[in-house]
Amino acid sequence: MALPSEVKVLKGSKQGVAVAATLPGRTNLKPKEVALRVTHSGVCGTDLHHIHDDMVLGHEGVGKVEAVGEAVTKFKVGDRVGFGYVKDGCGQCDTCNAGNYFYCKIASRQYGATDHDQGSFSNFAVWPETNLHKIPDPIADAQAAPLLCAGVTVFTPMIRHGMKPGHRVGILGIGGLGHLAIQFAAKLGAHVVVFSGSESKKDEALRLGAKEFWLSGDLKTKKPDLKLDYLITTATKLPDWEVFLEQMAPFGHIILLGLTTEPLHVPYFPFILKEISIHGALSSTPTEFDAMLDFAAKFDVKAVVEEFPMTEEGAAKAIGKLNDGSIRYRAVLVT
């Protein structure tokens with residue numbers, strides 16, 4: 001199948017808005033590359049970090065395969081596929097051999113750093129087979145897009161750090177990450193305790209699978225004994241660590257997900273006295289990525305989404321709602 005001579009995209013700009021542009025299409029594919037017609041793209045907070053950059057935005061892309069390179073073995077024309085933040089690595093170093101392409105020191109390719117002509121705010125993309133993923137049939141296109149960044153971001157550390165049925169899991173924040181973290185933890189069999197600054201989110205948290213809901217400000221005065229095996233922070237504002245460390249069980253795990261430039265200042269002794277571990281979480285391997293999609297399909301984990309057309313106007317509305325915090329809970333652009 002012939003590749004398109006032109007590709008319609010939305011790029012960042014000096015004005016801080018997504019602007020429409022037409023780029024030259026690829027004339028051929030490398031042996032391990034896959035060309036796909038993009039149909040849906042999630043809008044992530046990370047996209048806002050690049051809204052002023054001259055690059056194609058978006059890293060939560062869903063579409064159908066239209067052509068494959070001669071050495072591609074995992075995909076065929078017509079497959080429904082998706083891609084996320086990480087594109088590729090050298091394929092030969094120790095980190096790549098372990099699937100940790102994000103940390104390749106030789107030829108890491110990732111959103112915002114390389115391949116500025118490729119993104120999911122587009123009607124067409126070319127992606128290496130390495131970090132492209134089949135979308136399971138039960139997952140709708142619009143539901144799939146947010147899983148490709150937010151979903152894998154919350155799911156991977158849960159599995160890496162041993163979350164099991166019966167564990168008590170605290171989730172701080174109900175937003176783009178938090179509403180998916182609640183579902184994944186609940187479907188893993190955990191007793192989920194949600195913390196929020198807004199009482200208005202209680203019913204939603206319980207509907208998504210939480211067993212308990214607490215206003216963060218009440219912990220200091222009511223002093224429950226929640227015995228959390230895990231605390232997952234999804235908000236960009238760091239919590240009052242002294243208050244939340246009181247709620248941790250011995251040998252508990254704190255997983256940091258929300259991105260912030262705020263320094264991490266924590267009281268020292270609670271970590272020693274309870275033997276608490278703290279983990280940063282960011283990347284995943286292709287195997288972990290596929291495991292997340294399979295789990296979401298099997299256990300009906302669904303993003304709560306608002307859809308917008310993939311136009312300048314549609315992107316402006318989606319980004320505006322993301323900026324002011326009114327999006328519930330992930331925006332998806334549709335071509």
Query raised in the report: Taking only residues two or more places apart in sequence, or in another chain, which ones meet Tyr101 in a ring-ring contact (aromatic ring centres under 6.0 Å, His included)?
Result: none
Report summary line: In short, salt bridge (Lys or Arg N to Asp or Glu O under 4.0 Å) pairs touching residues 96-123 with sequence neighbours left out are Lys87-Asp115, Asp88-Arg109, Arg109-Asp115
Query raised in the report: Hey, would you say the His253 and His279 ring centroids sit under 6.0 Å apart?
Result: yes
Query raised in the report: What residues form a ring-ring contact (aromatic ring centres under 6.0 Å, His included) with Phe213, not counting sequence neighbours?
Result: none
Query raised in the report: Which residues satisfy the side-chain contact (heavy atoms from CB on, under 4.5 Å) test with Ala210, sequence neighbours excluded?
Result: Ile182, Val192, Val194, Ala205, Leu206
Report task. Write out all pairs satisfying salt bridge (Lys or Arg N to Asp or Glu O under 4.0 Å) with one or both partners inside residues 148-165, taking only residues at least two apart or from two chains. Result -> Arg160-Glu288
Query raised in the report: Relative to the ring of Trp127, is the ring of Phe83 parallel (under 30°), tilted (30 to 60°) or perpendicular (over 60°)?
Result: parallel
Query raised in the report: Backbone N or O of Val126 within a donor-acceptor pair of the Gln118 side chain at under 3.5 Å?
Result: yes
Requested in this report: Run through the side-chain heavy atoms of Ile, Leu, Val, Met, Phe, Trp and Tyr, join any pair under 4.5 Å, and report what else lands in Phe269's cluster.
Outcome: Leu273
Report summary line: Contacts of His40 meeting ring-ring contact (aromatic ring centres under 6.0 Å, His included) (sequence neighbours excluded), chain-then-number -> none
Query raised in the report: So which residues get pulled into Trp214's cluster when ILVMFWY side chains under 4.5 Å apart are joined, directly or through others?
Result: Leu172, Val193, Phe195, Leu219, Leu226, Leu228, Leu231, Leu238, Trp241, Val243, Phe244, Leu245, Met248, Ile254, Leu256, Leu264, Val266, Phe271, Ile276, Ile278
**Report entry** Test: Lys220 and Glu246 ion pair at under 4.0 Å
**Finding:** no
Query raised in the report: Among pairs that include at least one residue of residues 170-186, which meet salt bridge (Lys or Arg N to Asp or Glu O under 4.0 Å), considering only residues two or more places apart or in two chains?
Result: none
Query - ILVMFWY clustering at 4.5 Å (side-chain atoms), partners of Tyr268 - result: Ile272
Requested in this report: Run through the side-chain heavy atoms of Ile, Leu, Val, Met, Phe, Trp and Tyr, join any pair under 4.5 Å, and report what else lands in Leu259's cluster.
Outcome: none
Report summary line: Residue pairs meeting salt bridge (Lys or Arg N to Asp or Glu O under 4.0 Å), one or both in residues 248-258, sequence neighbours left out, come to none
